[in-house]
Amino acid sequence: AVTLHDLALVRHPELFPRWHRLSGRTAIGPVARAADHVFAVSEFTRQEAVDLLDVRPERVTVIGNAIEPVFSPEGPAAEGDYVLAVGTLEPRKNLRRVADAAARLSTELRVVGAPGWGGVETPGWVGEVTDVELAALYRGARAFVFPSLYEGFGLPVLEAMASGVPVVTSRGGATEEVAGGAAVLVDPLDVEAIAAGIEDAGARRNELRALGLQRARAYSWAAVADTVERVWRELA
């Protein structure tokens with residue numbers, strides 16, 4: 001069995017370096033089709049596997065994802081009045097529009113993530129941090145902003161909700177699925193919409209905090225393990 005976390009390389013090869021496209025894109029389809037079974041981390045990714053890789057629907061099971069206990073509303077919070085974004089500095093994460101939206105609101109932006117590709121630079125980049133530091137940044141943020149252009153799941157959305165911060169994320173795709181009605185949804189291509197989403201999230205902070213905490217509890221590693229074990233037993 002194989003697990004598909006996303007199919008960004010197949011759906012949007014133009015967002016990746018040439019060596020990524022050459023080394024990874026051609027192998028994904030044959031490997032998925034040859035596997036006895038395919039796990040997908042979201043219903044969105046399951047449908048992408050069917051549409052893009054020609055995998056039969058009955059051979060794909062959604063297993064979800066989960067986060068570590070460090071991401072919770074209890075614990076220290078970073079100081080300051082800022083919005084937070086998390087993601088590798090790459091075109092898919094849409095960080096330039098996040099920075100433009102924060103600038104329109106005259107709001108400090110802090111960005112956590114590894115250096116990437118595509119010449120992406122952003123104000124407020126703090127680099128990579130530990131999970132403990134990231135959890136504190138989530139808790140202290142006015143809002144968490146994640147208008148990614150494409151995700152297979154969107155783990156930072158779940159981390160942020162579990163940490164008690166209101167979330168702004170992309171309408172459509174996996175991030176809307178993960179948010180499950182507990183986030184402000186925006187058009188990721190519209191800077192004004194992202195800025196308005198940040199303001200909306202701040203105004204609805206208490207409501208979204210409660211909804212996000214409830215939504216985050218719907219995901220667990222125990223549930224993932226139970227589903228994987230069930231499928232393995234069926235294949236045996």
Side-chain angles (χ1 to χ4, degrees), residues 41-42 44 64-88 93-95 97-99 101-102 105-114 122 124-148 151-171 173-186 188 193-224:
V41 294
S42 64
F44 174 80
N65 231 322
I67 56 172
E68 299 307 311
V70 67
F71 298 107
S72 76
E74 288 78 37
E79 297 182 355
D81 182 17
Y82 62 93
V83 296
L84 179 68
V86 173
T88 300
K93 300 302 180 180
N94 204 24
L95 293 170
R97 289 190 179 93
V98 175
L105 298 173
S106 298
T107 298
E108 179 189 356
L109 173 65
R110 299 182 190 178
V111 179
V112 173
T122 181
W125 182 50
V126 299
E128 298 178 84
V129 301
T130 67
D131 281 353
V132 171
E133 293 169 323
L134 179 56
L137 284 165
Y138 279 132
R139 295 186 197 106
R142 179 196 304 182
F144 173 65
V145 191
F146 194 73
S148 179
E151 295 291 328
F153 184 84
L155 202 57
V157 170
L158 197 59
E159 293 174 345
M161 291 193 299
S163 301
V165 61
V167 172
V168 180
T169 194
S170 302
R171 179 180 292 108
T175 56
E176 180 174 354
E177 178 185 337
V178 171
V184 177
L185 302 176
V186 298
I194 296 170
I198 293 171
E199 291 188 309
D200 187 21
R204 298 170 56 200
R205 183 177 182 86
N206 291 337
E207 173 198 355
L208 291 171
R209 173 185 167 90
L211 289 172
L213 290 170
Q214 181 180 11
R215 179 61 175 170
R217 288 192 289 269
Y219 291 89
S220 73
W221 287 124
V224 172

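Here the structure is a predicted model, which is why all the values come from computation and not from measurement.
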>> I'd like to know if the side chain of Glu108 and the backbone of Gly80 have a donor-acceptor N/O pair within less than 3.5 Å.
In response: no
>> Could you measure the distance from the CD atom of Glu151 to the OG1 atom of Thr175? Nearest 0.5 Å is fine.
In response: 7.0 Å
>> Would Phe153 and Leu158 count as a side chain to side chain contact (heavy atoms under 4.5 Å, CB included) here? Give the steps.
In response: CA-CA 9 Å; Phe153 184 84; Leu158 197 59; 4.1 Å; yes
> Donor-acceptor pair, Ser42 side chain versus Gly152 backbone, under 3.5 Å?
Replying inline: yes
> So, do Val167 and Leu208 sit near enough that their side-chain heavy atoms are less than 4.5 Å apart?
Replying inline: no
> Is there a side chain to side chain contact (heavy atoms under 4.5 Å, CB included) between Val165 and Leu84 once you walk through the steps?
Replying inline: CA-CA 10 Å; Val165 61; Leu84 179 68; over 6 Å; no
>> Test side chain to side chain contact (heavy atoms under 4.5 Å, CB included) on Asn94 and Ile194; report intermediate values, then the result.
In response: CA-CA 11 Å; Asn94 204 24; Ile194 296 170; 4.2 Å; yes
> Do you know which two heavy atoms are closest between Trp221 and Ile67, and how far apart they sit?
Replying inline: NE1-O, 3.6 Å
>> Tell me if a side-chain donor or acceptor on Ser170 pairs with a main-chain N or O of Pro188 at a distance below 3.5 Å.
In response: no
> Looking only at atom types and distance, does a side-chain atom of Tyr82 sit under 3.5 Å from a main-chain N or O of Ala141, one as donor and one as acceptor?
Replying inline: yes
> Hey, is the main chain of Gly181 close enough, under 3.5 Å, to the side chain of Arg215 for a donor-acceptor pair?
Replying inline: no
> So among Val86, Val83, Leu137, Val168, which one has a side chain to side chain contact (heavy atoms under 4.5 Å, CB included) with Phe144?
Replying inline: Val86
>> Does anything in residues 133-142 form a side chain to side chain donor-acceptor pair (under 3.5 Å)? List the pairs, not counting sequence neighbours.
In response: Asp81-Arg142, Thr107-Arg142, Thr130-Glu133, Tyr138-Glu159
> With respect to Leu109, which candidate in Val98, Ile198, Val145 satisfies the side chain to side chain contact (heavy atoms under 4.5 Å, CB included) definition?
Replying inline: Val98
> Does a sphere of radius 6.0 Å around CD in Gln214 hold more than 12 heavy atoms from other residues, nucleotides or ligands, not counting ones at 6.0 Å or beyond?
Replying inline: no
> Hey, mind stepping through Thr169 and Val186 against side chain to side chain contact (heavy atoms under 4.5 Å, CB included) and telling me if it holds?
Replying inline: CA-CA 6 Å; Thr169 194; Val186 298; over 6 Å; no
> Can you name the salt bridge (Lys or Arg N to Asp or Glu O under 4.0 Å) partners of Glu128, sequence neighbours left out?
Replying inline: none
> Taking all non-hydrogen atoms of both residues, which atom of Ala195 and which atom of Ala101 are closest, and how far apart?
Replying inline: N-CB, 3.7 Å
> Shortest non-hydrogen contact from Gly197 to Val184?
Replying inline: CA-CG1, 3.8 Å
>> Please find the pair of heavy atoms, one from Ala143 and one from Ala201, that lie closest to each other, and give the distance.
In response: CB-CB, 4.1 Å
>> Is there a side-chain contact between Tyr219 and Val178 in this structure, where contact means two heavy atoms from C-beta onward sitting under 4.5 Å apart?
In response: yes
> Closest heavy-atom contact between Leu155 and Ala66?
Replying inline: CD1-O, 3.5 Å
> What's the shortest heavy-atom distance between Ala182 and Met161, and which atoms?
Replying inline: CB-SD, 3.9 Å
>> Donor-acceptor check, side chain of Ser72 to backbone of Glu74, threshold 3.5 angstrom: yes or no?
In response: yes
